[in-house]
Amino acid sequence: MEDIKMGVFICHCGTNIGGFLDVPSLVEYAKTLPNVTFATDNLYSCSEVGLSLIKEKIEEHDLNRVIVASCTPRTHEPLFRSICQEAGLNPYLFEMVNIRDQCSWVHMKETEAATEKAKILIEMGVAKALLLQPLEKFQIDINPTALIIGGGIAGMTAALNLANQEFKVILIEKEPELGGLLRYLYKLYPTHDDASKVLEVRNLVENHQKIKVITSTEPVKIEGFIGNYKVSVKRRDGIYDIDTGIIIVATGAQVLKPEGLFGYNGSTIITQLELEQLLKENKINVKNIVMIQCVGARNEERRYCSNICCMTALKNAMLIKELKPDANISIIFRDIQTQGTTYEEYYRKAREKGITFIRYIPEKVPIVKESNIEVYNDYLNQDISIPYDMIVLSTPLIANPDSEDLAKMLKVPLEENHFFLEAHVKLRPVDFATDGIYVCGSAHWPADIPEAISQAYAAASRASTIISKDVLEVEGAIAEVDEDLCVGCGICIKICPYNAISMDDNGIAHVTEASCKGCGLCGATCPEKAITNHHFTTKQILAQILASGGK
Amino acid sequence: MSFEPNILGFLCNWCSYAGADLAGVSRVQYPPNIRVIRVMCSGRVDPVFVIEALATGLDGVIVMGCHLGDCHYIDGNYEEKMKLDLLSKALQLIGLSGRFRLEWVSASEGVRFGQVVSEFTKQIKNEGPSPFSGSKPNQKLKEDLEAIKRTLSDNRLRTLVGRERAITEFGNVYEEIIEFEEYEKIIDDALNSEFLRNKILIKLEKEPLSVKNLSKSLSIESSLILEHIVSLKARNLIDFNRIDGITPYYHALKEAL
C-alpha cells in the first residue's frame, strides 16, 4: 500500500474566510484526520508567499496529497495544480475544498455552524484525496492539414482562409467544378454585384499553392479522431485515402424543385433559380410577373423558413424593374423576412419602386388559373385576381439527399430537416460535438452569400485553433472501460455525447482518449458498472458521501 | 434543540456549482445544512449514489445540473433526468421520495441557488430526521432501501433506462420508436418486479423460508411470490433448502451482506 502523506492548507483569504470561520480550529481539526501529516493556515494561499509555502511543505514533508481549503476550484484549481506539479507532485493528487464561495460567504452570520460545515467539507476532501490517483494528460499529434468537403462559396472561403494562414488544405467537390449554387446566380443582394465577380475567388482557390482541389470526388468512409482523421474518397478511377487533422463540412444545399405546385412547368411558371438564368441571358420579355413566396416551405412537410427567398424575390423583382420599368410585379407573400439594417432598407426601396406586395394566408393559398392568379388578400380581406405572363415560385433550400450518409460517416447529427446540427446554437455555432469537425454555409441552414462567408471564416478560425498546434493535450480525467466487466451492450456508445466510445473487434467498448471529455455519463449509465470515470470514481464519490455527515 | 438536517448536494461543475459560487460572490445567505460534492456533469450522478447517501443517514439529497438544453456536455442532463425520474419512482415505493430532489440551476442563478437550498432545507426539516440515523435505525425500511439499491444497481433496470432516450426518441435497431408512455410502463413493471425479487432475496439471505413465510412477512400474495421464486431460481440466485412436510424451503446462494 502506498504510504499517503497529506498536507492541508487552509486559507484565510484575508478576512473573506478568516473573518467568518474559525480557521485555527479548522487547522486543528484537519490534523486529526487520517493520513494528514501536515496542516497549516495561510493568509492568502494564492499569493506568491502562499504558493511557495505549499511548494516548500510538499518537499519538506514529502507530501503526496495536497488539499487547499479556500475558494472555488473553478477559478483556482489550475493554479494550485501547477504549483503541485512544480514541486514534483502529479497535479491530479491535488484536491480543493470550497470554504469561501460556498461556506464563509453564504453563512456570514453563523460562524459556529459554518465552521462545523467547513470541517465536514474538509473531511470530505480528505476522504476523496486518500483515493486520488495520479493521472497523465494525453498528448496527441496533430496533422496540420485541413480537409474541406464541398467547394461552394463557403468551402472555397474556408479553404482560402486556411491556406493563407499557410496550412495545407484539401478541398473536395462532388461536381466536376467548384462554385456550388453561386454558379447559377445572376446578381447578388443587396449590392447587385455580379455573382460571377464573387465567383472569381475560384481562381484564387484553384491556383493557390497550399490548396489541392479534387473535383468529382466524394467521401465514402471516415475514421479517426481530432488531429488524425482518415478519409477515404471515391473518384472515377478508384478509392483514395486522405489524412487530415480537421474536417470542415461545407456541402451546401439544393433548391427545391416545386413539381406539382402552383402549376410549375419550367417555362411560364418557374423557380427563382430559373429566373436568375433568364436574367443572366437577358431573356425577360414579359410584362406581368407574379412571385409566390413560401412555396413548399413553412408547411407540414417543411416547417422552416428558408431564410434567403424573401431577399432573393425582392432582388430579382428590383432587377426586372431596372431592366423593364413598365413591368408589373406582384409579390404574394406570407411574411416578409428582411431583417437587419440593410435588408429592411432594401425592402423599403422595393416598395418605393412600385412592386406590389400582397399577403396571403396558408388556409387560402393562391390559385393559379390560365392567365391570372386568384388570391385572397389578407390585408383587404377580399379575393382579388392578378393577371400574369410569368409566375416565379420562391422555393426553399433543402438539405442535400446525401447529407444523411455523410452525417453517418462523420458520426455527427442532423436536425429534423436533415441539415447538419451544430454542437450548441449559441456557444459553438460552427462546431460539432465531435472535436475537429466543423460546419459552415447552407449545409447547416439556408444561408445567403454574406452568411456563408462569415460562417466559413468562423469554421476556418475554429479549425486553425487545432491545426496550429503540433500536439494537443487532452484531459487526463477521462473514462476507461474494464474489459473483463464489459459485456458489449453498446449503451455507452449510444449515449456518449462525443462519440468517444466505440466497439472494438472483440465486441468490447473502447474509449478514444482524445475524444473523451470526462463528463462521466457513461459510468453512471453502464449496466455492468464496467466504466471507471477517473478523478470522479465511484469509490471516491462514495468516500465523500460517507464523510459528508450522515450518522 | 431544533432538528438541523444533514443535506448532500451533487452539483455539476459548469452550471449549478458555478451558480453556488455566484451565490457566494453575491453574498446570498442560505442555511449551512448542505454539503456539496462537485461532479463535472450531473450525468455522472449514478442513482445508487443517492441511495447510498440516504442509507448512511443523510437526511436529504439534492442533485443539481444545467437547465435542459444548456448542458455543457450537450445532453448529459437529459440522460440524468431519465435516471433520476426512475430513482424518484423507486423512492416513492418506500416513501422516501420527499428526501430527494432534482433541480436545474444555471451559472447565473446565484439567488435562485440560495432559494432552492433554503426551500429544500425547509422541506427536509419537515420530513424530520432520517429513518436510518440515530441509535435505532428503522430496520424494515433499511431492508427495503437495500432492495431498491440492488434494483437500481442490477443490469435490468440500468439497461432499460440506459436505452430509454435512444428508443423513445430515435428508435430501436428496427427503427421502431416506442412511445415514451409505453416505455415508462415497461420500466415501471420492471421496477416493481425487481424490487419484489430483491426483497425476497434479502429475506432468503438471512434464513431459509417457504413461499408461505415470504408471503406473510412481505404481505404479498403467495402466487406472485412463487412466480418470482421461479425466476430467482432460474437466475441461479436461490436454491432449494429442504422440504418440511410438503412445504419446500428456499435459501439464497449468496450469504447475507
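Considering every non-hydrogen atom in both A:A433 and B:I74, the closest pair reads CB-CD1, 2.9 Å. Nearest heavy atom pair, residue A:H107 against residue B:Y30, reads ND1-O, 2.8 Å. Residues A:A524 and B:G43 approach most closely at CB-O, 3.1 Å, considering heavy atoms. The heavy-atom pair separating B:G24 from A:V106 by the smallest distance is CA-CG1, 3.6 Å. B:R163 approaches A:I491 most closely through the heavy-atom pair NH1-CG1, 3.5 Å. Closest of all the heavy-atom pairs between B:N6 and A:G549 is ND2-O, 2.8 Å.
At a 4.5 Å heavy-atom cutoff, the contact between B:A18 and chain A is made by backbone and side-chain atoms alike. Contacts of B:S26 with chain A are absent, with no heavy-atom separation under 4.5 Å from either backbone or side chain. In this structure, chain A has no heavy atom under 4.5 Å from any part of B:S130. Residue A:Q544 touches chain B through both its backbone and its side chain, counting heavy-atom pairs closer than 4.5 Å. Interface residue B:A166: only side-chain heavy atoms are found under 4.5 Å from chain A. Neither the backbone nor the side chain of A:C103 comes within contact range of chain B; no heavy atoms are under 4.5 Å apart. Looking at A:M108, the atoms closer than 4.5 Å to chain B (heavy atoms on both sides) sit in the backbone and in the side chain alike. Both the backbone and the side chain of B:V25 come within contact range of chain A, with heavy atoms under 4.5 Å apart. In this structure, no portion of A:K128 lies under 4.5 Å from any heavy atom of chain B. For B:P137, no part lies near chain A; criterion is any non-hydrogen pair under 4.5 Å. With a 4.5 Å cut-off on non-hydrogen atoms, B:R38 touches chain A through its backbone and its side chain both. Only the side chain of A:L542 comes within contact range of chain B, with heavy atoms under 4.5 Å apart. The part of A:H424 that comes within reach of chain B is its side chain, from C-beta onward, which places non-hydrogen atoms under 4.5 angstrom from that chain.
Atom NZ of B:K81 sits in a sparse spot, with 12 or fewer heavy atoms from other residues, nucleotides or ligands closer than 6.0 Å. No more than 12 heavy atoms of other residues, nucleotides or ligands sit less than 6.0 Å from atom CD of A:E112. Within 6.0 Å of the CD atom in A:E483, the count of heavy atoms belonging to other residues, nucleotides or ligands does not exceed 12. In A:E473, the CD atom is crowded: over 12 heavy atoms of neighbouring residues, nucleotides or ligands sit closer than 6.0 Å.
Across B:L157, B:L160, B:T159, B:L22, the residue that shares the most heavy-atom pairs under 4.5 angstrom with chain A is B:T159. Across A:P497, A:C519, A:C71, the residue that shares the most heavy-atom pairs under 4.5 angstrom with chain B is A:C519. Chain B forms more heavy-atom pairs under 4.5 Å with one residue of A:R100, A:K117, A:E528 than with any other, namely A:K117.
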*Please test B:V36 against A:N98 for side chain to side chain contact (heavy atoms under 4.5 Å, CB included), starting from the C-alpha separation and ending with a verdict.*
CA-CA 9 Å; B:V36 164; A:N98 187 338; over 6 Å; no
_side chain to side chain contact (heavy atoms under 4.5 Å, CB included) evaluation trace for B:D21 with A:R74_ = CA-CA 9 Å; B:D21 283 348; A:R74 299 187 77 253; 3.5 Å; yes
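Contact check for B:F170 versus A:K494: no side-chain heavy atoms found under the 4.5 Å cut-off. Between A:W105 and B:Q29, the closest side-chain pair of non-hydrogen atoms is not below 4.5 Å. Proximity of A:L521 to B:K83: side-chain heavy atoms (C-beta onward) are separated by under 4.5 Å at one or more points.
Applying a 4.5 Å heavy-atom cutoff, none of the residues of residues 108-125 of chain B approach chain A.
If you check the side chains of B:R44 and A:T538, you find a donor sitting under 3.5 Å from an acceptor.
B:Y78 OH to A:I495 CD1: the interatomic distance, rounded to the nearest 0.5 Å, is 15.5 Å. Rounding to the nearest 0.5 angstrom, the gap separating the CG atom in A:L427 from the NE2 atom in B:H72 is 9.5 Å. With rounding to the nearest 0.5 angstrom, the SG atom of A:C489 is 10.5 Å from the CZ atom of B:R158. In this structure, A:F536 CZ and B:I37 CD1 are separated by 11.0 Å, a value rounded to the nearest 0.5 Å. Residue A:I541 holds its CD1 atom at 9.0 Å from CG of B:D46, rounded to the nearest 0.5 Å. To the nearest 0.5 Å, atom CG of residue B:N155 and atom SG of residue A:C526 are 9.5 Å apart.
With A:K517 contributing its side chain and B:Y73 its backbone, the two residues share no donor-acceptor pair below 3.5 Å.
Just one of B:I7, B:T56, B:I34, B:L58 meets the side chain to side chain contact (heavy atoms under 4.5 Å, CB included) condition when paired with A:S548; it is B:L58.
Between A:E116 and B:R35, no side-chain nitrogen of the basic residue sits less than 4.0 Å from a carboxylate oxygen of the acidic one, so the salt-bridge criterion is not met.
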